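Everything on this sheet refers to the single structure shown next.
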Amino acid sequence: MGILDYLLKKNKPSSSASVAKERLQIIVAHERSTRGQPDYLPLMQQEIIDVIRKYVDIDQDQVSVQLDNADDCSVLELNITLPDAK
Amino acid sequence: MAKIIVITSGKGGVGKTTSSAAISTGLALRGKKTVVIDFDVGLRNLDLIMGCERRVVYDFVNVINKEATLKQALIKDKRTEGLYILPASQTRDKDALTYEGVEAILNELAEDFDFIICDSPAGIEQGAQMALYFAEEAIVVTNPEVSSVRDSDRILGILQSKSRLAEQGKAVKEHLLLTRYNPSRVANAEMLSVEDVEEILAIPLLGVIPESEAVLKASNQGSPVILDTESEAGQAYQDAVSRLLGDEVPHRFLEQVQKGFFKRLLGGK
Ligand SMILES: Nc1ncnc2c1ncn2[C@@H]1O[C@H](COP(=O)(O)OP(=O)(O)OP(=O)(O)O)[C@@H](O)[C@H]1O
Ligand SMILES: [Mg+2]
């Protein structure tokens, strides 16, 4: 994006509130989905990622860890996107 | 039996104390015997906004520690009949408030008040959790700004999991109070609109308080802004109090003055 575009965009106020709204909707939805999760989850997620990284080169955002509570059990869902096998 | 209402927000400086002073005064003006409690231990401020700072002798923590009786610590408001203030302590001890101690005081107050308003400290930690724990209703003060909305959502999560009612499997009644609203900036799409915030937080709207110079003036004088009946902020707080008491009152001051005028001419709302 050129500097001119940037300035034009910045001066166009119509985008400001809607950008705020969009960003909020995303972060709030994310935070609601992790609400009530045990405190150890983020650390466990990090350690899982570290272990996988020992073997495969992946990015942080290629791993998603989710804990779902069903009626009488909890399901830990681990989703890892591995890079294409060469 | 008194109704316990917490005024909370997560984020600091959004207008909790201003709103606590205004709403408790408004309730008393409507004939409800009301006590407003400053839960902001260490950062007492409600007394200044209510204009009774020079009459503080004992505080909340003194009562909990049985160094004073509740009767000795309560300050009777000089302007508004039926209104009492329980000031916060200036102690730096964060653990000065205990759940047992707070519960005992609330029970005692509940015997002869109609409303107990709890002015929460900022944050989502212990102090804020203590202020909201016993509440039956919560007024979530929010500014139309990203960090405030996000923090409001987090405090809603705490209300829904860590309050006494939540622990009993019941729900705290939630109200959204949008403050420091600037209709012309909303019209220019520079500021989140009331509809935007309602959509994101998805709780019923109690009121919208416009950004107003009257608020600073009121705090300078130590007189709750609701007593400034000429000001838009004062009137908006009056409307919010009416809604809290169950009246249906249309929302005002949501639009730029001119725009509102033309819209009305054209038959809009
Ligand atoms: N509607 C309004 N218009 C203009 N200024 C306002 C309005 N509401 C609040 N303010 C100002 O915002 C500042 C913070 O208000 P207040 O102390 O009520 O917030 P608070 O949420 O209690 O803060 P804290 O988290 O520190 O306890 C004050 O300077 C107050 O005058
Ligand atoms: Mg305050």
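In what follows, every chain begins at residue 1, and chains take the letters A, B, ... in the order their sequences are listed. Because the structure is a prediction, the values reported are computed rather than measured.
- Environment of CZ in B:Arg252: crowded, with over 12 heavy atoms of neighbouring residues, nucleotides or ligands closer than 6.0 Å.
- Of the residues B:Glu145, B:Glu198, B:Glu199, the one that meets the salt bridge (Lys or Arg N to Asp or Glu O under 4.0 Å) test with A:Lys21 is B:Glu199.
- Pairs passing the salt bridge (charged side-chain N to carboxylate O under 4.0 Å, His left out) check and including a residue from residues 148-162 of chain B, sequence neighbours excluded, read A:Glu31-B:Arg150, A:Arg32-B:Asp153, A:Arg35-B:Asp153.
- Of all the heavy atoms in A:Ala20 and B:Leu192, the pair that sits closest is CB-CD2, 3.9 Å.
- In B:Gln168, the CD atom is crowded: over 12 heavy atoms of neighbouring residues, nucleotides or ligands sit closer than 6.0 Å.
- Taking every heavy atom of both residues into account, A:Leu24 and B:Val146 meet most closely at CD2-O, 3.5 Å.
- The minimum heavy-atom distance between A:Ser16 and B:Ala189, with the atom names listed, is CB-O, 3.6 Å.
- For residues 45-53 of chain A, a heavy-atom distance under 4.5 Å to chain B picks out no residue at all.
- Contacts from residues 8-18 of chain B to chain A, taken as heavy-atom pairs separated by less than 4.5 Å, involve no residues at all.
- In this structure, CD in A:Glu22 is found 11.0 Å from CG in B:Asp196, a value given to the nearest 0.5 Å.
- The environment of B:Glu230 atom CD is sparse: at most 12 non-hydrogen atoms of other residues, nucleotides or ligands sit within 6.0 angstrom.
- Here salt bridge (charged side-chain N to carboxylate O under 4.0 Å, His left out) pairs that include residues 130-144 of chain B, with residues two or more places apart or in two chains, are B:Lys3-B:Glu137.
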